[in-house]
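The next block holds one structure in the form of structure tokens; read it before the comments.
Lettering follows sequence order; numbering is per chain, from 1.
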Number of protein chains: 2
Amino acid sequence: MAEFPTVTDVALAAGVSRQTVSNVMNSPEIVRLDTRTRVEAAIESLGYRPHASARRLRTRRSSTIGIRLDPMIDGISGSVLDSFLHALTEQADAKGLRVLLFTATSPEDEIAQFRRLNDGADVDGFVLTSTSAGDPRTKWLLKKKIAFVTFGRPWGSDDLNQPEHLWVDVDGWHGLHSATRAQQEAGAKRIAFIGWPSPSGTGDDRRRGWHDAMLERGDVPEAELARLEVVTADGVSEGTAAMQRLRAAAGRIDAVLCASDSLALGAMIANPERIPVTGYDNTPIAAAIGLSSVDQSVDEVAAGVLELLTGEFEGRIDAAPESTAPRHRLVKPRLVERRFAAIPMDPAGTPTRSPAVPAVDPVPN
Amino acid sequence: MAEFPTVTDVALAAGVSRQTVSNVMNSPEIVRLDTRTRVEAAIESLGYRPHASARRLRTRRSSTIGIRLDPMIDGISGSVLDSFLHALTEQADAKGLRVLLFTATSPEDEIAQFRRLNDGADVDGFVLTSTSAGDPRTKWLLKKKIAFVTFGRPWGSDDLNQPEHLWVDVDGWHGLHSATRAQQEAGAKRIAFIGWPSPSGTGDDRRRGWHDAMLERGDVPEAELARLEVVTADGVSEGTAAMQRLRAAAGRIDAVLCASDSLALGAMIANPERIPVTGYDNTPIAAAIGLSSVDQSVDEVAAGVLELLTGEFEGRIDAAPESTAPRHRLVKPRLVERRFAAIPMDPAGTPTRSPAVPAVDPVPN
DNA sequence: AGAAAACATTTGATCGATCAAATAAAGTCG
DNA sequence: CGACTTTATTTGATCGATCAAATGTTTTCT
């Protein structure tokens, strides 16, 4: 009994009943002030912690959200998910929610996991990332009326209007538009874009941001604009190749915008003149190399995801909230400007800052 | 009742009692074959899933391990933890364990989280990463007799002999030793090392691997060896600066080994002659750039962590197993050799492979 | 003051599974 | 064949919390 006090122990110590202790924890406002403080003192002195599983069994609510941990294909763009995961965990914690991980080898397998976790009352809802058009997972979750929010718009046109489908996304158009603007204001006229092949929901969105900003300014005739654009698969070496194609075919280039930091890093490798390159995702790589990059503001995304998931009931998750609150959030990314400060491209150059000696292991692990 | 069948429903359907159903799930061997199949059929047809919380309440076991998600400082080396996390989740899943995330702002805060998660019966044990010498967290966990395993040796000499402290680590000495050997066999004699300032448990360990291999071969006199070594904080720009210092002071260099991929990437930037550079961690960056790198085999680490944590009782976690099994695992990393295949450093060169057009979004999110 | 309403606290039942002990069935052996 | 093991299955109690409803207490109002 000394090991793990229960509500009953606390009740005994405070001279009240179990339920009053429970009330102090869950709806303090209905307990008279003096009893409340007495109970709180007892809780404190006994070091009581509620037993999560017992509570869940009774309330049929786990206060846990499940998220699939994707196999990391590209560590560069993967780091966005990584920091999103971190932001999500941190903010979930503040709301008394927990984050449970799982993995899956295929969409079908993932659905099986959904079932297992949901039926077992392990989680109350899910956060999905990397959704694709006509995603079978969202269909299934909707059918089963299981709460979920996706990070990423459902690009399939029909899905977009489904009001049950909650989503949070980053406005890629806005990101590229403002990145283009920033270069224009710095004096650049011929701004190139290295993107992904169409159709790609996010890719096309970002491309349009660049395209629209270029048209608005009118520095380059619309017909000419195609020469300033190159599409390729994502990746560092692909970025290098794309940059080389641009240099061969596009004439003068004042700045280059890329659909990802991977591409941007690649582009930098074939960029001896140090034409300004802007990436997307603001990964640690961009910071290390000194690339400007569009930051997805994962904190805001995480906050939006949790808000939607918990609905207006703080800390609770409901599969079918009848609120009329907006069903989605479109987060504005922000441009982080850098000027290659960290990268002495010229081998003969002097280092920009002398190496600091850390007090502890740089990489303790 | 149609919504969520319970053991009782299954029992009714199969014409047996609750407990028999429970036995079929937990110790099938004690149930007669024909009853077992009958119960299994009922489970299948009703779509029964055990209620995790109810089971946990009764068994006082959550089958969940907690792991702190570090704030990602450097996305490059952070990706090791990321893939470790993935491996851990995947293998935990196979053993019927779940992985619960949490965050903390300081060691003290983390200890508070330990307490909360453990007292609330949310988790059975913890996996710690980024441990430091004389870590207060491990002390506290040991005192409270809470199960945990660290990824990383306790470098403090006194801690090393504590048999209660279970750990899994990667043999950095072996990693650097074999990387050095590989370069020597390829004909290199003057092999430089870019490392971290001492004292650093992991850093010194890796350095020794290089140092010992160099001495064994004897291509470079011991006195001369210091000229081939540079220490610096971790980071890309630090790597670039370190490489420049090496080039200025070390004379001829046939190959460069680095204590991390971040340093290696930095070194590559100040490496127009394409001296072979080897990194550490085999991050996606290394793959993208075409750097050789020492792979930490996170899969083996994850397996070791889970084995130690679950002890010999498959799927169970015990704070004080009385087995005499080894208390730790030292995993041998393996060298992944690459030859800059992906990186056309010469801006005028042709791309090494033409960009493939992906069928789906390269980065769907 | 007395009745009604508002507030505060307690009691019994319950969530779904497993444990421990009791019972029933099958197998062994002199 | 009946007493004795061994094996298979069932019953009652329990894990720790919350819900729903009952009881007790205080305040409000006529």
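Not counting sequence neighbours, the partners of B:R137 by the salt bridge (Lys or Arg N to Asp or Glu O under 4.0 Å) test are B:E110, B:D135. Every residue two or more places apart in sequence or in another chain that forms a side-chain contact (heavy atoms from CB on, under 4.5 Å) with B:S106 is listed here: B:E108, B:D109. Under the rule for a salt bridge (Lys or Arg N to Asp or Glu O under 4.0 Å), the partners of A:D122 that lie at least two apart in sequence or sit in another chain are B:R56, B:R98.
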Quick one: side chains of residues 27-35 of chain A, donor-acceptor pairs under 3.5 Å with protein atoms, not counting sequence neighbours, listed by atom name and distance.
{"from": "A:T35", "atom 1": "OG1", "to": "A:R32", "atom 2": "O", "distance (Å)": "2.8"}

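Considering only side-chain atoms of A:N26, the nucleotide from D:dC15, D:dA17, D:dT18 that sits closest is D:dT18.
Separating the CZ atom of A:R61 from the C1' atom of D:dC19 is a distance of 13 Å, rounded to the nearest angstrom. One can place CD of B:E29 at 13 Å from P of D:dT9, the figure rounded to the nearest angstrom. In this entry the distance linking CG of B:L57 with P of D:dA13 reads 18 Å, nearest Å. Regarding B:L33, its CG atom lies at a distance of 16 Å from the P atom of D:dT7, rounded to whole Å. The separation between B:D9 atom CG and C:dA17 atom P is 9 Å, rounded to whole Å.
Listed by first and then second residue, the side chain to side chain donor-acceptor pair (under 3.5 Å) pairs involving residues 37-49 of chain A amount to none (not counting sequence neighbours).
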So which protein N/O to nucleotides 9-11 of chain C N/O distances come out below 3.5 Å?
{"from": "C:dT9", "atom 1": "OP1", "to": "A:T35", "atom 2": "OG1", "distance (Å)": "2.8"}
{"from": "C:dT9", "atom 1": "OP2", "to": "A:R32", "atom 2": "N", "distance (Å)": "3.0"}
{"from": "C:dT9", "atom 1": "OP2", "to": "A:T35", "atom 2": "OG1", "distance (Å)": "3.4"}
{"from": "C:dT10", "atom 1": "OP2", "to": "A:S17", "atom 2": "N", "distance (Å)": "2.8"}
{"from": "C:dT10", "atom 1": "OP2", "to": "A:S17", "atom 2": "OG", "distance (Å)": "3.0"}
{"from": "C:dT10", "atom 1": "OP2", "to": "A:T20", "atom 2": "OG1", "distance (Å)": "2.7"}

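Within the 4.0 Å cut-off from OP1 or OP2 of C:dT18, at least one side-chain nitrogen or oxygen of B:S22 is found. Checking the phosphate oxygens (OP1, OP2) of D:dT14, no side-chain nitrogen or oxygen of B:R58 falls inside 4.0 Å.
Checked options A:T89, A:L100, A:V99; the residue passing with B:L100 is A:L100 (criterion: side chain to side chain contact (heavy atoms under 4.5 Å, CB included)).
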